[in-house]
Colleague: 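I am attaching a structure below and will ask some questions about it afterwards.
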Amino acid sequence: MAFGLWFTLFELLLKLFLILAFVKKGSAGITSTFTRTKWQSFDIPLDHKVLAIPNGYNAPQQVHITQGDYDGKAVMISWVTADKPGSSRVQYGTSEKKYDFKADGTVANYTFYNYKSGYIHHCLVDGLEYETKYYYKIGEGHSSREFWFQTPPKIDPDSPFTFGIIGDLGQTYNSLSTLEHYMQSGGQTVLFLGDLSYADRYQYNDVGIRWDSWGRFIERSAAYQPWIWSAGNHEIEYMPDVVILQLCILNLLYGEVLPFKSFLHRFSTPHLASRSNNPLWYAIRRASAHIIVLSSYSPHVKYTPQWLWLRDELKRVDRKKTPWLIILMHVPIYNSNQAHFMEGESMRAVFELWFVRHRVDFIFAGHVHAYERSFLSSMMSSEKLQYPTNHAENCFLLSIKSDVIDLQYRISNIRYNVSSGYRYPVPNKSAPVYVTVGDGGNQEGLAGRFRDPQPEYSAFREASYGHSTLELKNRTHAFLNWHRNEDGQKVHADSVIFLNRHWASNLRRRRLKKDRLKARGKIDF
């Protein structure tokens, strides 16, 4: 009896210590002191083998796929032919070298300054079966090429799935390290957070040429699994000084002023399937996740098309089918780096209340060339979770035999307005977890100057190149990992376990109800 009493007391004190440790002011966050040997951030030369043009006359190149519908039973296959339009047909089937089905797509091209793109093909392949490997063939004759992809599991709250999260990739040697490490991670679909090729850092015809090289660069992954696209500032490509026409009568100069011109021609999104009128914002459902893509550089204040669409899309979320609600954007709305500080404030002011009200689980952003995660320690139970921690600097796991421990610290700033006087974020269990993954490896380099002191909501931050993975295990558990490249060595630098608040809270309520009934003698176990 005495031992049991002492153990119970120890357990309560340990719980109290952990809770205080995680909410104590000034002690919650970690700013990593990891020092890396800096690789030069310049783009891979065009004659490098990773940017090579495939052999064969008019051979398809820059092949990539994305989800083609709302629920994951279709893919959009895109590619470029350089010499002539050729065929836009995709042959496909469930056996290698045996193509029982076909689909026909569209082809178009565009100009940028004096650059004329190749012929860009987009072909929708729909009516697919879940959890099936498909082989596909594009191109003609001896120049045809063959690839494959795997469809996701059906929409179900317990469908496991692993997403890769990459942002601000570019086409440097650091970018190559990120891409190679991601391809070893087991990720099944990339959630891309904007800033793709960084072609806009070039001038004139070189802009289009660097879009082509980037398409060939990512093909090693993007031809075999969907990349879900969001656009960043480097996709805007507003270049009025690149003069292509002069109207002498009006004395006006017209350059490249159509925003997102290259991006919209090259990358398709399934926006119509989610009732969006613009390919820059849309939604998909995949496995157990409902994913919403927003455009940081499109109008989003009240009554704009993006605002109206998001209001309606959030109402369509069904947590009984897709318990994990994920939002992608380019500019982070919580960011403690000196780089791009508070650039996401306009979107936060408009949308944060909705994010809290709908209990968004994760908001992933890029833009800042570093990694940062808002504070959350997992809800843990030794009976439910066994997760290795020896590879992670910042993965915390407690084994206590009794109840699940909730050591969350989420924040929101929804009380703030210009007259309320509430200036600081406050704890809010309904708020999302904010993760910045803008560290893909582009030529602008890392954002190494973090603000001091570190805000309480910031749990972990580091300026190194890498990518993240989000493993959705079932309706209740998810693992978030950040993989640091470490100059060519795969390292997990941050790992956290999450409980889904919708389902976990329901499970806790049912457990408490059973405990009460048991205490009253109304049920027998």
Colleague: Looking at H367, E444, R201, H330, which hits side-chain hydrogen bond (donor to acceptor under 3.5 Å, both in side chains) with H234?
Modeller: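 Single pass found, and it is E444.
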Colleague: Could you verify whether a donor N or O on one side chain and an acceptor N or O on the other, from S175 and T178, lie under 3.5 Å apart?
Modeller: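 Judged by distance alone, the side chains do not pair up.
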Colleague: Can you classify the ring geometry of Y371 versus W482 as parallel (below 30°), tilted (30 to 60°) or perpendicular (above 60°)?
Modeller: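 It falls in the parallel class, under 30°.
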Colleague: If we only count heavy atoms from C-beta on, is the I333 to Y434 side-chain gap below 4.5 Å?
Modeller: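 A side-chain contact under 4.5 Å exists here.
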Colleague: Hey, does the Lys NZ or Arg CZ of R451 hover above the aromatic six-ring of F341, less than 6.0 Å from the centre and inside 45° of the axis?
Modeller: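 Yes - R451 lies over the ring of F341, closer than 6.0 Å to its centre and within 45° of its axis.
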Colleague: Indicate yes or no: at least one non-hydrogen side-chain atom of N413 is less than 4.5 angstrom from one of Y422.
Modeller: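 No. Closest side-chain heavy atoms not under 4.5 Å.
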Colleague: Salt-bridged, R319 to D361, with N to O below 4.0 Å?
Modeller: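 A salt bridge is present here (some side-chain N lies under 4.0 Å from a carboxylate O).
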Colleague: Kindly indicate whether the side chain of F351, heavy atoms from C-beta on, has any atom under 4.5 Å from the side chain of L294.
Modeller: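 Yes, their side chains come closer than 4.5 Å.
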Colleague: Answer yes or no: is there an ion pair linking R275 with D312, defined by an N-O contact shorter than 4.0 Å?
Modeller: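 The answer is no: the pair does not qualify as a salt bridge.
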Colleague: Is the F362 to F498 ring centre distance short of 6.0 Å?
Modeller: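 Centroid distance F362-F498: below 6.0 Å, so yes.
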Colleague: With a 4.0 Å cut-off on N to O distance, would you call K321 and D156 a salt bridge?
Modeller: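 Judged by the 4.0 Å cut-off on N to carboxylate O distance, K321 and D156 do not form a salt bridge.
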Colleague: For the rings on H64 and F267, is their centre-to-centre separation under 6.0 Å?
Modeller: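 For H64 and F267, the ring centres are under 6.0 Å apart.
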Colleague: Is the NZ or CZ atom of R286 positioned over F163's six-membered ring, under 6.0 angstrom from the centre and within 45° of the axis?
Modeller: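 No, R286 does not lie over the aromatic ring of F163.
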Colleague: Any side-chain donor-acceptor pair under 3.5 Å between S458 and E372?
Modeller: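 Yes, because at least one side-chain N or O of S458 sits under 3.5 Å from a partner of the opposite role on E372.
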Colleague: Are the charged groups of K315 and E313 less than 4.0 angstrom apart, N to O?
Modeller: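 Judged by the 4.0 Å cut-off on N to carboxylate O distance, K315 and E313 do not form a salt bridge.
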Colleague: Tell me whether the centres of the aromatic rings in H483 and H181 are closer together than 6.0 Å.
Modeller: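 Ring-ring flag for H483/H181: false, centres at least 6.0 Å apart.
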Colleague: Just checking W309 against W307, ring centres under 6.0 Å apart?
Modeller: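 No: the rings miss the under 6.0 Å criterion.
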Colleague: Determine whether V293 and W281 make a side-chain contact, defined as any pair of heavy atoms from C-beta on separated by less than 4.5 Å.
Modeller: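 No; the side chains remain at least 4.5 Å from each other.
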Colleague: Go through it in stages, so that I can follow the logic: the residues are S197 and Q171, the test is side-chain contact (heavy atoms from CB on, under 4.5 Å), and I'd like the CA-CA distance, side-chain angles, deciding distance and then a yes or no.
Modeller: CA-CA 6 Å; S197 68; Q171 44 193 305; 3.9 Å; yes
Colleague: Below 4.0 angstrom, N of the basic side chain to O of the carboxylate: do K261 and E237 qualify?
Modeller: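 No, K261 and E237 are not salt-bridged.
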Colleague: Does CZ in R449 sit with more than 12 non-hydrogen atoms of other residues, nucleotides or ligands closer than 6.0 Å?
Modeller: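 No.
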